[in-house]
Amino acid sequence: MATLDLQVGAGADDTLHNINQTTLAHTFNAASLIYRWGNLLSAGVNYVYACDARFTSITIGQGNTIDVAYLTLTARTSLSVTVVRTNIQAIDEDNAAIATSDAEHDADPLTTALVAWDSIAAWTGDVAYNSPSIVSVIQEIVDRAGWASGNAIVIRWLDDGSDSDAKRDGYTYNSSTTKAPKLHIEYTAG
């Protein structure tokens, strides 16, 4: 079994997207200092969030078996409001590029594989937290006919009906080059 430990390696490779639940206006930020998912209540308006993290140079061959996969995120702030309900998917492309606009973000095709990460416990600032297993999400990408070793994967983490003001904040590459989102994969070559 081989292991890959990857981290977002550029400021533009982790993005933040939110939707104002009153006006349905979208906001996209490619240089965010916060990697946020869940629901933010601000001035009486709820905003729901989605984040992308791009991991490059994934040296897994097409069709290899993914045995273990998860994200590691480091909390930027201590937050405990519940209930946070989220889903983790990936951009369903062979060598995914990160969105550079709201329109690109909204048009991105997503994997059928989806992992729910719900009822996320309280987070303490500067502590690292692992997601549930995302083996099914990564496996769907490396099983694509056009996948090749060295390609990139973009993981999307999006709100799925979190309670009002229930959110979690992590570091982005722009806020910490060492605490940016990480991806751990263990795989068996086929």
Side-chain angles (χ1 to χ4, degrees), residues 1-17 28-38 49-62 64-79 84 86-100 104-105 108 110-111 113-115 117 120 123-142 144 147-158 167-189:
M1 190 178 316
T3 300
L4 286 178
D5 284 301
L6 306 159
Q7 179 181 300
V8 169
D13 278 348
D14 46 13
T15 64
L16 182 68
H17 180 263
F28 179 84
N29 188 341
S32 178
L33 298 177
I34 298 173
Y35 194 73
R36 173 177 289 157
W37 50 99
Y49 286 82
C51 304
D52 286 353
R54 184 173 185 257
F55 299 95
T56 60
S57 301
I58 299 178
T59 53
I60 299 173
Q62 194 277 335
N64 286 176
T65 301
I66 307 302
D67 302 300
V68 176
Y70 56 84
L71 290 169
T72 299
L73 301 156
T74 301
R76 187 172 157 88
T77 54
S78 296
L79 293 167
V84 179
T86 64
N87 291 329
I88 303 171
Q89 292 174 277
I91 304 304
D92 194 16
E93 295 175 349
D94 295 331
N95 189 20
I98 197 85
T100 59
E104 284 181 16
H105 178 276
D108 281 334
L110 298 177
T111 55
L114 172 150
V115 174
W117 189 1
I120 299 172
W123 278 22
T124 302
D126 291 313
V127 173
Y129 295 90
N130 293 336
S131 75
S133 170
I134 58 170
V135 165
S136 61
V137 174
I138 303 301
Q139 190 69 65
E140 184 173 335
I141 297 298
V142 301
R144 290 177 56 89
W147 171 263
S149 178
N151 281 359
I153 291 178
V154 174
I155 302 293
R156 177 160 299 165
W157 195 350
L158 56 157
K167 64 187 181 301
R168 298 293 180 267
D169 291 348
Y171 284 95
T172 63
Y173 186 87
N174 286 315
S175 56
S176 173
T177 57
T178 59
K179 297 177 185 175
K182 296 173 176 59
L183 176 62
H184 176 85
I185 302 174
E186 297 173 26
Y187 67 96
T188 303

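From a predicted model like this one, the values you see are computed outputs, not experimental measurements.
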Side chains of [X] and [Y] in contact at under 4.5 Å (non-hydrogen atoms):
{"X": "W157", "Y": "I134", "result": "no"}
{"X": "I91", "Y": "R156", "result": "yes"}
{"X": "H17", "Y": "L158", "result": "no"}
{"X": "V142", "Y": "I58", "result": "no"}
{"X": "T15", "Y": "R54", "result": "no"}
{"X": "I153", "Y": "W147", "result": "yes"}
{"X": "H184", "Y": "T3", "result": "yes"}
{"X": "D92", "Y": "L110", "result": "no"}

Checklist entry - Do the ring planes of W37 and W123 sit parallel (below 30°), tilted (30 to 60°) or perpendicular (above 60°)? => result perpendicular
Could you tell me whether the side chain of [X] and the main chain of [Y] form a donor-acceptor pair under 3.5 Å?
{"X": "N130", "Y": "T72", "value": "no"}
{"X": "E140", "Y": "T111", "value": "no"}
{"X": "Y35", "Y": "Y173", "value": "no"}
{"X": "S136", "Y": "A113", "value": "no"}
{"X": "R168", "Y": "I120", "value": "yes"}
{"X": "Q62", "Y": "R144", "value": "yes"}
{"X": "E93", "Y": "I141", "value": "no"}
{"X": "E186", "Y": "V68", "value": "no"}

Item to check | Evaluation steps, side chain to side chain contact (heavy atoms under 4.5 Å, CB included), between V84 and L79 | outcome: CA-CA 11 Å; V84 179; L79 293 167; over 6 Å; no
Checklist entry - Going by atom types alone, do W117 and S131 pair a side-chain donor with an acceptor below 3.5 Å? => result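 Distance-only check fails for W117 and S131.
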With rounding to the nearest 0.5 angstrom, report the [atom1] to [atom2] distance, [X] to [Y].
{"X": "D13", "Y": "T172", "atom1": "CG", "atom2": "OG1", "result": "11.5 Å"}
{"X": "D52", "Y": "Q89", "atom1": "CG", "atom2": "CD", "result": "11.0 Å"}
{"X": "L73", "Y": "R36", "atom1": "CG", "atom2": "CZ", "result": "14.0 Å"}
{"X": "D14", "Y": "Y171", "atom1": "CG", "atom2": "OH", "result": "13.5 Å"}

Heavy-atom closest contact ([X] atom, [Y] atom, distance):
{"X": "T74", "Y": "A128", "value": "OG1-CB, 3.9 Å"}
{"X": "R76", "Y": "I34", "value": "NE-CG1, 3.7 Å"}
{"X": "A69", "Y": "I138", "value": "CB-CG1, 3.9 Å"}
{"X": "V115", "Y": "P132", "value": "CG1-CB, 4.2 Å"}
{"X": "Y129", "Y": "A75", "value": "CE1-CB, 4.0 Å"}
{"X": "G125", "Y": "S78", "value": "N-OG, 2.9 Å"}

Next on the checklist: Consider side chain to side chain contact (heavy atoms under 4.5 Å, CB included). Of L4, I185, N151, I155, which one does F55 pass it with?
Outcome noted: I155
